[in-house]
Amino acid sequence: MPFQKQSSVLHKFKGILYSTMCSEELLKSLDFFNAREDDVFLVSYPKSGTHWVAEVIENIPNVSMSLTSPIELGDISKFEELNMYRKRRVIPTHLSYNMLPMNIKQKQCKIIYIVRNPKDTAVSLFHYYRDNPNLPGIETWAGFLELFLRGDVVYGSWFDHVLSWEEHKNDKNILIIFYEEMKKDLSKSIKKIINFLGINVSDSEINKITRKTSFSEMKNNAAKENCDPNHTICALTTNRNLVFRKGAVGDWINYFTSKQKRVFDELFTEKMKHSELARHFEDSS
Ligand SMILES: Nc1ncnc2c1ncn2[C@@H]1O[C@H](COP(=O)(O)OS(=O)(=O)O)[C@@H](OP(=O)(O)O)[C@H]1O
C-alpha cells in the first residue's frame, strides 16, 4: 500500500542531516548527557549492523545488561528515561566521534563501532529511505547514490563518519567490528565482543548465540505480530520489518552500474587514502 511521504523530515545541524526524531534541541544538549563508567555504546553509521550486534549482546546468558533506546532519538526527556535503567546500559547511537557526548569520552566508556562496506551500506540505506515514511521520498537509485556520495543523507557522509572513528581505533575502550567479518565467522566476532566486554561465556553458549543471531532467525522474530517489547528489535525501532531486508555481503553488485562503481571507487580512493580500515573492504567491493 503506497504511503504519503512527509516533505520536510530532515534538518541540518553543524552541516550534517538528521531526521526530526533527532531534534536540534537534543543535539545541542548532548554534552549534558550523563554517562556511567560501565555504559557500553553501540555505534555505527546507519545500516551497518547495529541491530545484529545488539542482538548478540542481548543473547549473552546471565548478563546484567539492558539495551536502551538510542541516545539521539526523540527529545531531551529521553536522557531522564535513560537514568532509570538499573542494569549496565547498552546504548545504540549513529553519532560520529565528533558529536559523541564529551562525558562518554572522559569516562572512557566501552564503545563498539560497527563498520560495513559502503556500497552495501548505500544500498541498504536506499531501501530504508524508500520504505520508511519518516524519511524523505526517493525517486531512483541513481538519485539516491548522488545524495549518498555528497553526504546529503541522515548522519552525513559515510567517509567522514568512518574516518572520525578510525582516528580512535587504537583507544583501548574502542572495539571495531566489521559486518563482513561477522558474516564470514560470526562465532569469532561474538568472541571478540564478549572478550572486549570482559564476560566469560562457554563455547556451547557461543554456538547458541550464533544460532539465535543468524539473519533468518532475527528476520523471523521481527516478523512476528506480537513482538516481545523486551526484545532488541522492538526496543530499537518502530519499523522493525524494514530493518531485515537481505542481510548479505556484495548485494551492491545488483544496483551499481559500471560507471557508478567507477565514480564510487574514485571517491573511496581519494577519501580513504590514509585509512587502514579501507583494506577490509577489498574483498567485498
Ligand atoms: N543477523 C543479521 N545478519 C546479517 N545482516 C543483518 C542481521 N541483522 C541485521 N542485518 C542487516 O543489517 C542492516 C541494518 O543495519 P542496522 O541495524 O545498523 O540498521 S539501522 O540503521 O539501525 O536501522 C540490514 O541490511 P540490509 O539487509 O542489507 O538492508 C539488515 O538486514
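Counting convention: from 1, in listed order, for ligands and their atoms alike.
- Of the options Phe126, Phe244, Tyr155, Tyr179, the smallest heavy-atom separation from atom 8 (N) of ligand 1 is shown by Phe244.
- Residues Ser275 and Leu163 have side chains in contact (heavy-atom distance under 4.5 Å, counting atoms from C-beta outward).
- Within ligand 1, counting atoms from 1 as listed, the ones closer than 4.0 Å to a heavy atom of Met218 are 1 (N), 8 (N).
- A salt bridge is defined here as a Lys NZ or Arg NE, NH1 or NH2 lying under 4.0 Å from an Asp or Glu carboxylate O, and Asp265 with Lys119 meets this definition.
- Not close to ligand 1: Asp120, with no non-hydrogen atom less than 4.0 angstrom away.
- Selection from Val56, Thr50, Val249 by nearest heavy atom to atom 18 (O) of ligand 1 gives Thr50.
- Using a non-hydrogen distance threshold of 4.0 Å, Tyr45 does not register as a contact of ligand 1.
- Legend: side-chain hydrogen bond (donor to acceptor under 3.5 Å, both in side chains) pairs involving residues 135-148, not counting sequence neighbours, sorted by first then second residue: Trp141-Gln260.
- Remark: distances from the non-hydrogen atoms of His94 to ligand 1 include one below 4.0 Å.
- Checked by distance only, ligand 1 and Gly247 come closer than 3.5 Å through their nitrogen or oxygen atoms.
- The hydrophobic clustering, which links ILVMFWY residues whose side-chain heavy atoms are closer than 4.5 Å, places Ile253 and Phe281 together.
- By the 3.5 Å distance cut-off applied to N or O atoms, Gly49 is counted among the residues near ligand 1.
- Near Ser214, with a cut-off below 4.0 Å to any heavy atom, the atoms of ligand 1 are 1 (N).
- At least one side-chain heavy atom of Ser44 sits less than 4.5 Å from a side-chain heavy atom of Thr50.
- Geometrically, Lys47 engages Tyr128 in a cation-pi contact, judged by NZ or CZ lying under 6.0 Å from the ring centre and within 45° of the ring axis.
- Ion pairing of Arg150 with Asp152 is present here, as a side-chain N (NZ or NE/NH1/NH2) and a carboxylate O approach within less than 4.0 Å.
- The cationic group of Lys110 does not satisfy the cation-pi geometry with Phe41, failing either the under 6.0 Å distance to the six-membered ring centre or the 45° limit from the ring axis.
- Comparing His127, Glu55, Arg116, Glu217 by heavy-atom distance to atom 25 (O) of ligand 1, the nearest is Arg116.
- Proximity to Pro46 (heavy-atom distance under 4.0 Å) selects the following atoms of ligand 1: 21 (O).
- Contacts between Ser48 and ligand 1 below 4.0 angstrom, taking non-hydrogen atoms only, involve the backbone exclusively.
- Looking at Tyr255 and His127, their side chains do bring a donor and an acceptor atom within 3.5 Å of each other.
- Look at Thr213 and you'll find a heavy atom under 4.0 Å from some atom of ligand 1.
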